[in-house]
Every structure is written in structure tokens, then in C-alpha cells.
Amino acid sequence: MTELQTTFTPRARRPRPKVVTLTEAAAERVREIMASAERPYIGLRVGVKNGGCAGQEYVLEYAEQADALDEVVEDKGVTILIEPKAVMFLLGTVIDYEVTRLASKFVFKNPNETDACGCGESVTIEPAKPD
């Protein structure tokens, strides 16, 4: 009897979509903020926390280091670290930076957002459904 030999060749994985992306305006503003920060940071940490009248709030803060389970996204010269528990809430989100006559702010355009409070400080987000 002949011995059957099998070899396993892993197929190439298709590129994973980025959890979040930045508009050019947002990327430029983040680069400006990072350049003038008091100390060097490796990137911007993005997350979601419970709070506000709609139930959840977006969180942006400087990141000094990547945590072991962070999702790391490189976009337009900016390193974005996403907290593991926030990934399913942020899938497909575009972060923009808007300047109006009265304010300048980062704006999250999140397809998983189902509601927002009147003041715009908190949102309701449903986790993304796996395809």
C-alpha cells in the first residue's frame, strides 16, 4: 500500500477591513495635537464607555503604549489603538474633525449608532453583526 502524503499550504488571508478610519481633516488634527503634546505618545486610543443620557460615550485619549489585546489601525500617518471591548461597537466608523463658527470637535460617523441624545454627548450603539 502506498503512503498518502498531504501537505497543508495555508491560503493567503484576505485583508481585514480597518475597524475605524480617519478623514484627512481628522488625521491632520490628530497629527497636530500629537506634535504639540507634552511628551511623546505612540498614538490615539479610541474606546466606548457607559455614560450619558443615551447610554454610551466615545472616548479619545493619548496612548503611551499598546495593550496586548488592542486592535491597532494605521491610517493616514496616525496610529489608532482600539480597546478590545469597543471593536464590535466601532466597526465601520469614520472619525472626522469639524470646525464651525461655534465649535471644533471630532465627530464619529458610526453605522452601528442607533440613537443619540439631544446634546450630542452620548449615543446608543449596537454591536456590529458578523456577516
Side-chain angles (χ1 to χ4, degrees):
M1 183 172 213
T2 317
E3 195 172 309
L4 179 65
Q5 291 194 356
T6 59
T7 57
F8 175 73
T9 306
R11 67 180 176 174
R13 297 185 104 190
R14 68 181 168 95
R16 290 174 39 187
K18 294 179 180 178
V19 175
V20 300
T21 56
L22 301 171
T23 63
E24 192 54 51
E28 182 178 330
R29 184 62 182 138
V30 170
R31 289 190 301 264
E32 288 171 1
I33 291 170
M34 297 298 243
S36 64
E38 296 172 4
R39 56 182 180 214
Y41 294 99
I42 65 162
L44 181 68
R45 184 173 307 282
V46 179
V48 176
K49 71 175 186 176
N50 292 335
C53 50
Q56 295 163 304
E57 298 173 343
Y58 295 110
V59 178
L60 289 172
E61 59 190 18
Y62 294 116
E64 294 185 25
Q65 65 183 23
D67 293 336
L69 298 177
D70 283 343
E71 179 82 18
V72 180
V73 173
E74 298 284 339
D75 192 35
K76 297 177 182 68
V78 176
T79 301
I80 306 165
L81 305 167
I82 303 161
E83 298 173 348
K85 66 181 182 176
V87 168
M88 292 302 287
F89 292 99
L90 295 175
L91 279 170
T93 298
V94 176
I95 302 174
D96 194 9
Y97 183 72
E98 295 180 352
V99 178
T100 66
R101 290 176 53 185
L102 299 175
S104 58
K105 61 184 176 180
F106 287 99
V107 177
F108 287 74
K109 297 176 181 175
N110 186 342
N112 307 304
E113 213 174 277
T114 59
D115 197 13
C117 68
C119 67
E121 294 296 318
S122 66
V123 293
T124 303
I125 310 170
E126 295 292 326
K129 304 281 189 273
D131 290 336

Donor-acceptor check, side chain of K105 to backbone of E98, threshold 3.5 angstrom: yes or no?
no
Once rounded to the nearest 0.5 Å, what's the spacing between atom CG of L81 and atom CD of E64?
11.5 Å
Report the C-alpha distance between V20 and E71 in whole Å, list the side-chain angles of each, state the deciding distance to 0.1 Å, and finish with yes or no for side-chain contact (heavy atoms from CB on, under 4.5 Å).
CA-CA 10 Å; V20 300; E71 179 82 18; over 6 Å; no
Give a yes or no on whether V73 and I33 share a hydrophobic cluster (residues Ile, Leu, Val, Met, Phe, Trp, Tyr; joining criterion: side-chain heavy atoms under 4.5 Å apart).
yes
Show the nearest heavy-atom pair for residues A27 and K76, with the distance to one decimal.
CB-CB, 3.7 Å
Same apolar cluster (I L V M F W Y, side chains within < 4.5 Å links), Y62/V48
yes
If two hydrophobic side chains count as joined below 4.5 Å and joins carry through other members, does I82 share a cluster with F106?
yes
Keeping the roles fixed (side chain from D70, backbone from V72), state whether a donor-acceptor pair exists under 3.5 Å.
no
Member of I95, L90, V46, V107 meeting the side-chain contact (heavy atoms from CB on, under 4.5 Å) criterion with Y58:
L90
Can you name the side-chain contact (heavy atoms from CB on, under 4.5 Å) partners of E38, sequence neighbours left out?
none
Would you check if Q56 and N50 make a side-chain contact, meaning some heavy-atom pair closer than 4.5 Å?
yes
Are any non-hydrogen side-chain atoms of I42 and T79 less than 4.5 angstrom apart?
no
Strictly distance-based, threshold 3.5 Å: is any side-chain N or O of R29 a donor or acceptor partner for the main-chain N or O of D96?
no
Inter-residue atom distance K49.NZ - E83.CD, 0.5 Å rounding
10.5 Å
Can you name the nearest heavy-atom pair linking D75 to L22, along with the distance?
OD2-N, 2.6 Å
Between T93 and E113, is any pair of side-chain heavy atoms under 4.5 Å apart?
no
Linking I/L/V/M/F/W/Y whenever their side-chain heavy atoms sit closer than 4.5 Å, directly or via other members, would I80 and L69 fall into one cluster?
no
Taking atom types as modelled, is there a side-chain donor on S104 or Y97 under 3.5 Å from an acceptor on the other?
yes
Note: P111 and G92 closest approach over all heavy atoms is CD-O, 3.4 Å
Taking the side chain as everything from C-beta on, heavy atoms only, tell me whether L60 gets closer than 4.5 Å to F108.
yes
Determine, stepwise, if the pair D67 / R45 fulfils side-chain contact (heavy atoms from CB on, under 4.5 Å).
CA-CA 10 Å; D67 293 336; R45 184 173 307 282; 3.8 Å; yes
